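Working notes, structure below.
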2 protein chains.
Amino acid sequence: MVNQQAALDSLFHALADPTRRAVVSRLLKGAAPVKQLSEPFEMGLPAFLKHLSVLEMSGLIHTEKHGRVRTCRVDAERLAAAEGWLSQQRAIWQGRTDRLADFVESQTPPEQNA
Amino acid sequence: MVNQQAALDSLFHALADPTRRAVVSRLLKGAAPVKQLSEPFEMGLPAFLKHLSVLEMSGLIHTEKHGRVRTCRVDAERLAAAEGWLSQQRAIWQGRTDRLADFVESQTPPEQNA
DNA sequence: TTGTTGGTTCACCATGTGGCGAACTATATA
DNA sequence: TATATAGTTCGCCACATGGTGAACCAACAA
C-alpha cells in the first residue's frame, strides 16, 4: 500500500506538466517514434527525453526500440489508476452530499468503496 | 485555454504528494483546522503549511481564519476538474478501443461517470 | 565509405520543492 | 496580567526538475 502511494506520486507528477500531458494525449491516438513526438515542442531532444523518461518511470508509457527508432505507446491502465483514485475520493465526497440527497430522495445506500 | 493548462499543472502537482493527497482525503470528510490536520504527519508546522499553501494555490482547498484558528475545506469541483481531464483522455482511448468492442459486442452505451 | 538521421549521454545551470529550527504575532484562557 | 496555544514568517539546507549545448553512438541511405 505504501508502494501504491509512490505509484500515485509518480503518476500525478508525470501528469503535472503540459508537455507530458500533451504527449500522453497524442499517444492515446496511436503509438509514435520519439522524433515525431518531439516535433510540436520547442525544446531540445535531451529535455524532451527527460519528459519521456518521467512518463516511462511512472508507467504511463512504455517504449521499445527497433533499429534506430524508439517507439512510444501509452499504458491506458496507468491513466485509469489515476482516475481511480480521484473517483474514489469523489465517492467519499458524494457519500456525504448524498446524505442530503437521500434526505430528500431516500434511496440508494451509499456504499463507498473503501 | 493556456490558463486551463496552468490550472491542471498545479492541480496534478498538488496531488503528486502523499501528504497532500491525505489532506484532501481527510478534508473530503469535513472541514478541519490546520493544527488538527497536521497532527497525523511527522513534520513541523512550517513544512505542513507549505503543503497547505500548495493545495490552496491549486484551488483544491480554501481556508478562512476565525480568531486564531484557520479552517480548511476542500473544493470538490477542483477535484472534478482533474478527473475531468482524465476521463476526457479515456474517452479518446475508448473511442479507439470501442471500435474493436463494438465490432464484437455492439451494445451497452458505456455510461462513463462524467 | 561517407553522410545523415534518430537517439543518447554528459556536464552544467537556474529554479523549485520539501524539509528544518528559531523567532515572532495574535488570540484565548487562567 | 501572564501564559499557553494556533499560526506565521524567516533563513537555511539538500535535492529534484527542467532546460541548455556539445559530444557521441548506431543504423540507414547514397
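Treat the numbers as computed from the prediction; the structure is a model and nothing was measured. Just so we're on the same page: letters track the sequence lines, and every chain starts at 1.
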Between P of D/dC10 and NZ of B/Lys50, the distance in whole Å: 12 Å
Between the side chain of B/Arg26 and the main-chain N/O of B/Gly30, is any donor-acceptor distance below 3.5 Å? yes
Please report the distance, rounded to the nearest Å, between CG in B/Leu55 and C1' in C/dT17. 14 Å
Base, sugar-phosphate or nothing for B/Pro46? Non-hydrogen atoms, less than 4.0 Å. base
Assign B/His13 to base, sugar-phosphate, or nothing according to its heavy-atom contacts below 4.0 angstrom with the strands shown. sugar-phosphate
Does D/dT17 have OP1 or OP2 sitting under 4.0 Å from an N or O in the side chain of A/His51? no
What is the distance from CG of A/Leu37 to P of C/dT5, rounded to the nearest Å? 19 Å
Do A/Gln5 and B/Arg21 have a side chain donor and acceptor closer than 3.5 Å? yes
Rounded to whole Å, how long is the line connecting atom NZ of A/Lys65 with atom C1' of C/dT5? 12 Å
Upstream residue (5' side of DNA chain D) when B/Leu45 and A/Ala47 are each assigned their closest nucleotide: B/Leu45
Any Lys/Arg nitrogen of A/Glu64 or A/Arg70 sitting under 4.0 Å from an Asp/Glu carboxylate oxygen of the other? no
Atom CD of B/Glu64 and atom P of D/dG7: how far apart are they, to the nearest Å? 13 Å
Between A/Leu49 and B/Gly67, which is nearer to the 5' end of DNA chain C once each is assigned its nearest nucleotide? A/Leu49
Short side-chain N/O contact to C/dG18 OP1/OP2 from B/Arg20, under 4.0 Å: yes
Rounded interatomic separation in angstrom, taking CG from A/Asp17 and P from D/dG19: 6 Å
Starting at atom CE of B/Met43, determine the distance to atom C1' of D/dG7, rounded to an integer number of angstrom. 16 Å
Integer-rounded Å distance: D/dG7 P and B/Phe48 CZ: 10 Å
B/Ala14 backbone acceptor or donor facing B/Arg20 side chain under 3.5 Å: yes
Residue-phosphate contact under 4.0 Å: B/Arg68 side-chain N/O, C/dT29 OP1/OP2: no
Touch check for A/Lys35, heavy atoms < 4.0 angstrom, all strands: base, sugar-phosphate only, or nothing? sugar-phosphate
Do you know the tightest heavy-atom contact between B/Leu79 and B/Leu28? CD2-CD1, 4.0 Å
